[in-house]
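For reference, the structure is listed below as structure tokens.
Model, not experiment: these values are computed from the prediction.
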Amino acid sequence: MTRRTIQKPALTLLVLICTCLCGLVFLFSYQQARQSAITRLHDEQMIHAKQAAQGIQDYFSTWTGILSSMARLKEIAAADDSGRQQMEFFYDAHREQIRSFTRVDENGIVLVSIPQREMAGKNIASQKHIQELLRTRKPVVSDVFRAVQGYDAIALHVPVYEGSRFRGSIAIVINFQNLAGRYLDVIKIGKTGHAWVISRDGTELYSPVPGHSGQSIFANGRAYPTLLAMAAQMLRGLSGTATYTAPSEGDAHGAPARHLAVYRPIAIGNTFWSIAVTSSEREILASLTAYRNRLVLAVLILLAGGVTVSVFVVRAMVIVKEEEARREAEEELRANERRYRDLFEHNPAPMLVYERGSMELVAVNEAFLIAYGYTMEEVLSLHLPDLYPESEKRKITEVAAGLSGHTYVGEWHHRRKDGTVFPIVVTSHDALYQGRTCRIAVITDITDRKRMEKAVEEESQFNRILLEQSPDGIVIIEPATARFINFNGAACRQLGYSREEFAELTVFDVEARETQEETRTRIADILANGRGSFETVQRTRTGELRNIEVNAQIVTIHDHPVYYCIWRDVTEHKKLEEQLRQSQKMESVGRLAGGVAHDFNNMLGVIIGSAELCRHQLPEESPVHKYLEHILKAAQRSSEITRQLLAFSRKEIVSPKPVNLNSQIIDSEKMLCRLIGEDIRLTFRPATPIWTVLIDPSQVDQILMNLSANSRDAMPDGGILNIETANVRLDADYCRHHSGCTPGDYVKLTVSDTGVGMDRETREHIFEPFFTTKGLGMGTGLGLATVYGIVTQNDGQISVYSEPGHGTVFTIYFPRLRGAEADEEDACAAIPSTGSGTVLLVEDEEMLLWTTTRMLEEMGYTVIQAGSPAAAIGICGNGERIDLVLTDVVMPGMNGREMAERIRVIRPEVKVLFMSGYTADIVAQRGIVEEGMHYISKPLDARRLNEKIAQMLAQ
């Protein structure tokens with residue numbers, strides 16, 4: 001009975017196995033035949049798809065090449081009459097294949113359209129393919145669209161360049177039905193096979209199913225998920241095979257049918273289409289029906305024979321196998337128990353076993369005892385929650401009670417015998433132990449891992465802080481695409497973008513002067529060298545150009561080299577550097593100009609004095625008299641040039657006083673009108689009230705005359721000269737960008753003209769002495785240098801703005817003089833025609849001493865000569881009559897002021913007139929001339945010297 005009981009299940013199992021094997025044989029054979037048929041179908045479909053795709057691609061490539069050749073013609077780029085004629089010839093030659101030929105400019109305006117000439121002037125920039133053409137400037141193909149003539153059409157645009165300048169495109173329009181008929185209608189595999197094409201946005205460009213062409217595949221196939229899945233793969237530009245459910249051809253509303261298809265992309269210019277060649281699965285598999293029936297019959301016969309044989313074989317084998325299986329099972333059980341015990345006892349990780357219901361610990365391994373500090377007796381008296389801290393005991397009790405059958409992994413904390421708590425990961429599963437239902441758990445101490453995770457998190461947080469708090473822009477760039485992988489907030493702020501906007505940019509979008517090719521070359525060089533530093537110009541979101549100093553290096557992230565850059569905005573720094581260089585240059589030129597004054601003025605004094613003495617001793621009819629006049633005029637002209645140099649170098653001794661610029665300009669208007677001529681109109685726009693400034697009034701006249709003379713020369717055909725005044729307050733922000741400027745109140749004087757203007761190179765040199773753009777003999781080049789010197793001498797600021805053809809504007813700022821009003825002009829003292837009195841002349845230059853003596857004697861003065869300060873002091877002590885002391889300022893051994901102080905000890909009433917050919921900064925440094933002292937500059941002019949002496953003696 002036992003044997004029969006055993007045999008029945010075995011026989012049943014054998015029959016079942018035979019049945020399954022036969023079924024598998026049937027399925028395998030049928031599937032092989034089915035798959036072979038499908039594979040042959042797919043191969044044939046793919047051949048058709050490739051031929052159609054290649055034909056369409058070649059078609060568009062050919063037309064792209066033809067149009068590219070046409071685009072290089074100058075006449076086509078100019079779109080002139082010759083270009084229109086060329087387009088007419090081209091259209092007539094190809095009217096069999098194209099429907100229209102169009103020329104579009106760089107703004108999307110149709111310039112020429114053949115034969116639809118009424119399209120000229122129409123703006124098509126809003127069309128999607130035109131926008132892509134204007135953005136990429138590469139050949140583009142439009143989506144299929146319905147032409148006004150009622151046919152489906154496609155437009156192919158090729159960019160037109162004139163040299164390197166983009167000038168728009170030329171385009172042809174093709175009848176899509178002709179293209180489909182040529183490459184797609186011919187595809188027929190079986191009775192139901194056909195092809196269909198979609199664009200990259202999912203529009204069905206061609207479909208034999210009525211009403212589908214021109215519609216979205218997602219709208220037409222929304223009820224068929226498998227069709228949409230294949231369409232999604234097609235829109236990714238992939239090739240492959242698919243099985244999908246959709247209505248049959250010609251029966252859009254009938255029962256769905258399964259279709260077998262291949263799909264392949266068609267690359268066209270800027271876009272791609274995807275073609276699918278499909279056939280009905282029912283038609284393809286119909287030929288396998290007879291094969292399937294014969295195969296079923298063979299399998300049934302095989303199954304019947306196998307079952308019969310199996311009945312007898314099983315009866316003989318079952319008894320033997322039962323005994324062998326029992327012995328093997330017992331041996332395997334014993335071996336498993338030994339392996340389990342060895343694994344449990346010798347596992348280096350702590351392990352425990354607890355009973356599921358009571359949670360009593362029933363076993364632990366040696367590693368557990370070492371890690372937790374318990375003895376075996378102590379452990380066996382514990383329950384599972386005793387190993388957890390108080391905060392987790394309740395939760396682990398709930399979790400452990402719900403565990404049954406499945407493996408559990410979780411993070412907790414355990415407590416050792418000494419009370420220390422540490423993090424763990426526990427993995428547990430059900431197990432039978434000594435006949436009890438238990439769970440065995442493996443415990444991993446993750447203290448080091450937690451510590452490492454915390455360190456990594458802290459370091460990551462620190463790096464984020466460093467990145468975001470850096471004042472410099474930091475970006476990480478993908479070298480291949482030049483896109484920004486990561487960046488900090490400073491980079492966004494430097495260029496004025498939000499983080500979302502900046503993430504969409506590439507390096508090419510922010511570079512202002514480099515071409516894409518130059519930028520790629522720079523990236524390649526840094527990739528080759530590993531690092532690099534350079535300066536570049538970037539364009540902000542608002543179009544402003546910023547100078548950026550870039551420090552770049554190549555770093556590896558996830559085994560991939562990236563371009564790590566630090567951007568430092570040095571725009572303001574470079575502006576300050578440029579201002580500093582200009583200031584230093586002008587200061588150096590000023591020092592050079594002032595340094596030549598002493599010797600040059602002394603020599604001019606000798607020339608002027610000697611010439612005047614000779615002229616007075618010769619009769620006026622003498623021919624030599626005219627030569628002497630020429631000498632005097634040349635020397636006086638040289639003296640004027642010297643004074644202009646001193647004014648530029650800010651070392652001319654002046655007499656500043658409170659001045660109202662409005663009054664000063666009104667007084668000068670008549671003089672300026674005569675200076676500029678009748679063909680130039682002078683306008684004056686004064687601001688009232690106007691603040692007072694501290695300046696020598698004659699210097700204001702110099703400024704106005706020099707600027708007006710320059711404006712006159714800049715307007716040879718006439719124009720307008722405008723003078724304006726205004727009260728302004730310069731703040732710290734303005735002064736930060738203008739070196740040498742101090743915040744405060746200023747009076748602004750603006751002189752502008754409508755002349756020819758200046759270019760940048762000229763503007764950079766206009767304040768330099770002897771720089772002139774006028775012809776030979778037309779000017780000395782000291783006019784604007786003098787203006788610059790006067791302005792800076794009076795703590796003012798001057799700037800110029802000019803563009804060629806748009807005139808020039810000079811803007812001058814004079815500091816406001818608070819609490820003062822402009823003084824009235826001092827009344828001129830009466831000047832006698834001839835002098836009288838005794839003058840003590842002190843001059844260490846022997847030639848100049850002699851010349852000045854002759855000049856004073858010619859004026860009628862009695863002259864006592866002294867070649868040194870000591871000699872002059874001795875003469876004053878002798879008791880001789882002395883009405884005035886005329887002394888050089890700087891002399892060896894003792895300066896003029898020290899000598900004057902000693903003389904006044906002897907003669908307190910004596911008057912002193914200082915003269916000097918040295919620059920005023922040297923005089924001021926030595927403390928010789930101060931406010932209130934009388935001073936006259938060398939070279940001496942006889943009239944001015946006579947006036948000065950007469951005024952002093954009359955006081």
Side-chain angles (χ1 to χ4, degrees), residues 332-469 557-558:
E332 182 68 21
L333 180 60
R334 287 191 292 270
N336 285 339
E337 288 179 353
R338 287 193 301 269
R339 286 195 298 270
Y340 168 75
R341 176 55 58 182
D342 289 341
L343 179 62
F344 184 81
E345 292 294 339
H346 300 101
N347 196 317
M351 298 181 66
L352 61 85
V353 180
Y354 69 92
E355 190 175 29
R356 272 177 48 187
S358 65
M359 297 188 190
E360 179 184 352
L361 297 183
V362 297
V364 295
N365 65 354
E366 187 66 24
F368 183 92
L369 299 176
I370 295 172
Y372 284 74
Y374 290 103
T375 63
M376 184 62 75
E377 292 76 13
E378 291 172 333
V379 168
L380 297 178
S381 66
L382 299 176
H383 291 73
L384 181 65
D386 296 333
L387 299 177
Y388 291 81
E390 293 296 330
S391 58
E392 295 183 2
K393 281 186 176 181
R394 180 177 178 181
K395 185 176 180 181
I396 191 60
T397 301
E398 296 173 352
V399 171
L403 296 178
S404 177
H406 61 278
T407 300
Y408 170 79
V409 179
E411 286 192 17
W412 297 85
H413 289 83
H414 269 188
R415 184 174 59 191
R416 297 186 180 93
K417 181 181 177 180
D418 60 8
T420 57
V421 176
F422 60 98
I424 64 161
V425 170
V426 59
T427 305
S428 69
H429 58 84
D430 285 350
L432 288 175
Y433 184 80
Q434 296 178 352
R436 302 165 70 177
T437 303
C438 299
R439 285 187 75 86
I440 183 169
V442 181
I443 300 164
T444 304
D445 186 343
I446 59 172
T447 303
D448 292 338
R449 192 187 82 183
K450 287 292 186 180
R451 187 181 299 115
M452 186 178 299
E453 288 177 353
K454 183 179 180 181
V456 170
E457 177 62 26
E458 289 177 351
E459 182 177 0
S460 176
Q461 180 67 19
F462 181 69
N463 290 337
R464 284 195 295 271
I465 293 173
L466 285 179
L467 181 71
E468 288 303 322
Q469 296 303 319
I557 299 177
H558 300 311

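- The number of heavy atoms from other shown groups lying within 6.0 Å of CE (M376) is above 12.
- Side-chain contact between V362 and R436 is present, with heavy atoms from C-beta onward closer than 4.5 Å.
- The structure places NZ of K417 at 12.5 Å from OG1 of T420, a figure rounded to the nearest 0.5 Å.
- To the nearest 0.5 Å, the span separating OG1 on T375 from CG on L380 amounts to 8.5 Å.
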Item checked: Derivation and outcome, side chain to side chain contact (heavy atoms under 4.5 Å, CB included), residues K454 and R449 -> CA-CA 9 Å; K454 183 179 180 181; R449 192 187 82 183; over 6 Å; no

Next item on the list: Kindly determine whether Y372 and V379 satisfy side chain to side chain contact (heavy atoms under 4.5 Å, CB included), including the steps that lead there.
Entry: CA-CA 10 Å; Y372 284 74; V379 168; over 6 Å; no

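- Summarising the geometry of P348 relative to A367, their closest heavy-atom pair is O-CB, 3.5 Å, with the distance given to 0.1 Å.
- A side-chain donor-acceptor contact under 3.5 Å links R356 and S404.
- Proximity of K393 to R415: side-chain heavy atoms (C-beta onward) are separated by under 4.5 Å at one or more points.
- For the atom pair L387 CG and R416 CZ, the distance stands at 12.0 Å (nearest 0.5 Å).
- Here the CE atom belonging to M359 is positioned 9.5 Å from the NE2 atom belonging to H383, to the nearest 0.5 angstrom.
- A ring-centre distance under 6.0 Å is not found for Y433 and Y354.
- Going from atom CD of E392 over to atom CH2 of W412 covers 6.0 Å, rounded to the nearest 0.5 Å.
- Looking only at side-chain heavy atoms (C-beta outward), V409 and V425 come within less than 4.5 Å of each other.
- Ring to ring, Y388 and H414 are close: their centroids are under 6.0 angstrom apart.
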Note to self: Between E411 and K450, does the salt bridge (Lys or Arg N to Asp or Glu O under 4.0 Å) criterion hold? Intermediate values first, please.
What the structure shows: CA-CA 11 Å; E411 286 192 17; K450 287 292 186 180; 3.0 Å; yes

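- Considering only heavy atoms from C-beta on, T427 stays 4.5 Å or farther from Y408 through its side chain.
- Atom CE of M351 sits about 11.0 Å away from atom OG of S428, to the nearest 0.5 Å.
- With R439 as the partner, the side chain to side chain contact (heavy atoms under 4.5 Å, CB included) test is satisfied by one option alone out of L384, V353, L352, L403: L403.
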Margin query: Please determine whether side chain to side chain contact (heavy atoms under 4.5 Å, CB included) holds for the pair C438 and L432, giving the CA-CA distance in whole Å, both sets of side-chain angles, and the decisive distance to 0.1 Å.
Written below: CA-CA 6 Å; C438 299; L432 288 175; over 6 Å; no

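- F422 is not listed as a side-chain neighbour of I446, based on a closest heavy-atom distance of 4.5 Å or more.
- When all heavy atoms of N347 and N365 are compared, the closest pair comes out as O-ND2, 3.5 Å.
- Side-chain N or O atoms of D445 include none that pairs as donor or acceptor with a backbone N or O of I424 at under 3.5 Å.
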Note to self: Walk me through whether V442 and V426 qualify under side chain to side chain contact (heavy atoms under 4.5 Å, CB included).
What the structure shows: CA-CA 6 Å; V442 181; V426 59; over 6 Å; no

